[in-house]
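Everything on this sheet refers to the single structure shown next.
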Amino acid sequence: MVLATQLLDWYDKNSRDLPWRKDNDAYKVWVSEIMLQQTRVEVVKDYYTRWMERFPTLEALAQTSEQEVLTYWQGLGYYNRARNLLSGVREVCAEYGGKVPDNAPAIQKLPGVGEYTAGAIASIAYNRPSPAIDGNVLRIFSRLFCLEEDITKQATKRKIDRLIRDHMSVERPGDFNQALMDLGSMVCIPQRPRCQLCPLATLCEAQARDVQDVLPVRTPKKAPLHIKLAAGIVIQSSSLLITQRPATGMLAGMWEFPTVELAEDDSTSERLKTRIKSDLQQEVCVGKRLFHYIHTFSHRKWDISFYQCQWLAGNTISFPAHWLGLSELDTVPWAGPHRKVATVLGEQFTQEL
DNA sequence: AATTCGGGGCG
DNA sequence: CGCCCAGAATT
């Protein structure tokens, strides 16, 4: 296998030194792979380190509440990853005696673990010859074999799975898969690949035809839906009034300032006032706008304004609203741009002391 | 097969 | 701004 040999020779000289590569413990590999789903290595590094300090073992994580787990995850995005990881380690404790299964099909049964992650864990932690096909691998192989099919299609993925099984190292499958990651991040990058540095350049069909810049082919994504929101900032006795988002949907279970979605034809302050009244059975007075953010998600674009609010009467709060002390803002997971506002308010509060 | 899940970094 | 990133679950 000339491809595997050249790739591993390159990897032995150029592999990245990453926090989760210090050993091949299955729990650590699992955590790192989940964090790395659709997330850049540079971002994950600090999250991973803090995570391992707080949850050094599978058992330690299994005993933790979902809210605390989400707090350690906040800012990473795709919060179902954290929920699934938590229920996954609990399942391993209950069903497998605390030991992560050692083959890809069994690993893939765990929540939040798909084909890619199962292959990555099986190959890295247990030296199984399982492909781990992510965006890097799709890009590299579409160039190596000059595949002009859309890499987001399942048929293309099956084709590449076959190619990898034909070419991967059976002695070092974990290193083979990780070498592809490193090659994809340092050499065979999305724009302007550095083919002069590539250990596989002599094997690369796209390089031979000089089409590496137009591969891979993928379908363009849809434009995000635009949503206009208004949020109310209520401060009383050094505490902020916050509400918890529903248990399902975007940013599930995370906390935010009481928020309303604005329709075309209604006034911001009236809608905000009505929402806070109905949710909290409170009279409120909406003041001036303190913050304004355009926050773009992959599929949604929030245009959100934060208004200062004041109580006029009453003191009854209906679930799930809570008062959160300005000095304990880090104890709950915040929803998106609400965290930025909370942080600013917290800093102002600290300076006033 | 298409949609829904976040967030950040970079040219 | 557009692009894409160590994807998976749901519909």
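For the numbers below, each heavy atom of this structure counts, side chains included, while hydrogens, waters and symmetry mates do not.
- Residue contacts for Arg81(A): at a heavy-atom cut-off of 4.0 Å it reaches no nucleic acid atom on any strand shown.
- Residue contacts shown for Gly184(A) are absent, as no nucleic acid heavy atom lies under 4.0 Å away.
- Looking at heavy-atom distances under 4.0 Å, Arg192(A) makes no contact with the nucleic acid at all.
- Comparing dG8(B), dG6(B), dA2(B) by their nearest atom to the side chain of Tyr78(A) picks out dG6(B).
- Checking the phosphate oxygens (OP1, OP2) of dG6(B), no side-chain nitrogen or oxygen of His295(A) falls inside 4.0 Å.
- Residue-to-nucleotide proximity on DNA chain C shows that, of Gly112(A) and Lys301(A), the 5′-proximal contact is made by Lys301(A).
- Comparing dG9(B) with dA8(C), their C1' atoms are spaced 23 Å from each other, to the whole Å.
- Here the side chains of Ile235(A) and Ile233(A) are in contact, with some heavy-atom distance below 4.5 Å.
- With C1' as the reference atom, dG6(B) and dC5(C) are 12 Å apart, rounded to whole Å.
- Within a 6.0 Å sphere centred on CD of Gln67(A), other residues, nucleotides and ligands contribute more than 12 heavy atoms.
- When side chains are defined from C-beta on, Ile304(A) counts as touching Pro337(A), because their heavy atoms get closer than 4.5 Å.
- If you take atom P in dG8(B) and the same atom in dA9(C), they sit 24 Å apart, rounded to whole Å.
- Aromatic ring centres of Tyr72(A) and Phe55(A): separated by under 6.0 Å.
- Residue Pro111(A) is in sugar-phosphate contact alone, with no base atom involved, counting any heavy-atom pair closer than 4.0 Å across all strands shown.
- In the 5' to 3' direction, nucleotides of DNA chain C lying under 4.0 Å from heavy atoms of chain A begin and end at dC4(C) to dA9(C).
- Using a 4.0 Å heavy-atom cutoff across all strands shown, Trp20(A) reaches at least one base atom of the nucleic acid.
- Looking at heavy-atom distances under 4.0 Å, Ile34(A) makes no contact with the nucleic acid at all.
- Look at CD on Gln38(A): it is 16 Å from P on dT4(B), rounded to the nearest Å.
- Counted within 6.0 Å of CD on Glu115(A), heavy atoms from surrounding residues, nucleotides or ligands total 12 or fewer; the atom is thus considered open.
- Residue contacts shown for Arg21(A) include a base, since a base heavy atom lies under 4.0 Å away.
- In terms of position on DNA chain B, the residue among Lys222(A) and Tyr79(A) whose nearest nucleotide sits closer to the 5' end is Lys222(A).
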